[in-house]
Enquirer: 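One structure, as structure tokens, below. Some questions next.
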Amino acid sequence: MDQAKRLKLAAVAFSVFWIGGMLWWNGELHSANVVILTVCGAIGGYLWYLAMHWMFQAMRLFPLNDDRGEAP
């Protein structure tokens, strides 16, 4: 599995855990709450992905220009 897939899976996991935590903390399972928290969780996961992608590139831990380091 390449680093880009791992980062995307981590962003999905972040979103799922954030949504679950917010639903548990809120306590009320009204449909409007679920929809709003799901949308916010998806946006938060995407922003987390962008921030981590930028951070890994800045620290030179993530290959630049989608170079996966594979031999030709």
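Keep in mind it's a predicted model, so treat the numbers as computed, not measured.
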Enquirer: Does V12 reach the side chain of Y49, with side-chain heavy atoms less than 4.5 Å apart?
Expert: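 When only atoms from C-beta onward are counted, Y49 and V12 do not touch, as no gap falls below 4.5 Å.
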
Enquirer: If you look only at distance, which donor and acceptor atoms sit under 3.5 Å apart when one is on a side chain in residues 40-47 and the other is two or more places apart or in another chain?
Expert:
none

Enquirer: Is F14 linked to L50 within one hydrophobic cluster, defined over Ile, Leu, Val, Met, Phe, Trp and Tyr using a side-chain heavy-atom separation of less than 4.5 Å?
Expert: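 Yes, same cluster.
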
Enquirer: Show every side chain to side chain donor-acceptor pair (under 3.5 Å) that has at least one partner inside residues 25-34, sequence neighbours left out.
Expert: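 Every pair satisfying side chain to side chain donor-acceptor pair (under 3.5 Å) with a residue in residues 25-34: E28-H30.
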
Enquirer: So how far is it from W18 CH2 to L23 CG, rounded to the nearest 0.5 Å?
Expert: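 Spacing of CH2 (W18) from CG (L23) equals 8.5 Å.
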
Enquirer: Could I get the full list of side-chain contact (heavy atoms from CB on, under 4.5 Å) partners for M52, not counting sequence neighbours?
Expert: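 Listed in chain order: L7, W48, F56.
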
Enquirer: For I19 and L37, which heavy atoms make the closest approach, and how far apart are they?
Expert: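 Smallest interatomic distance, heavy atoms only, reads CG1-O, 3.6 Å.
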
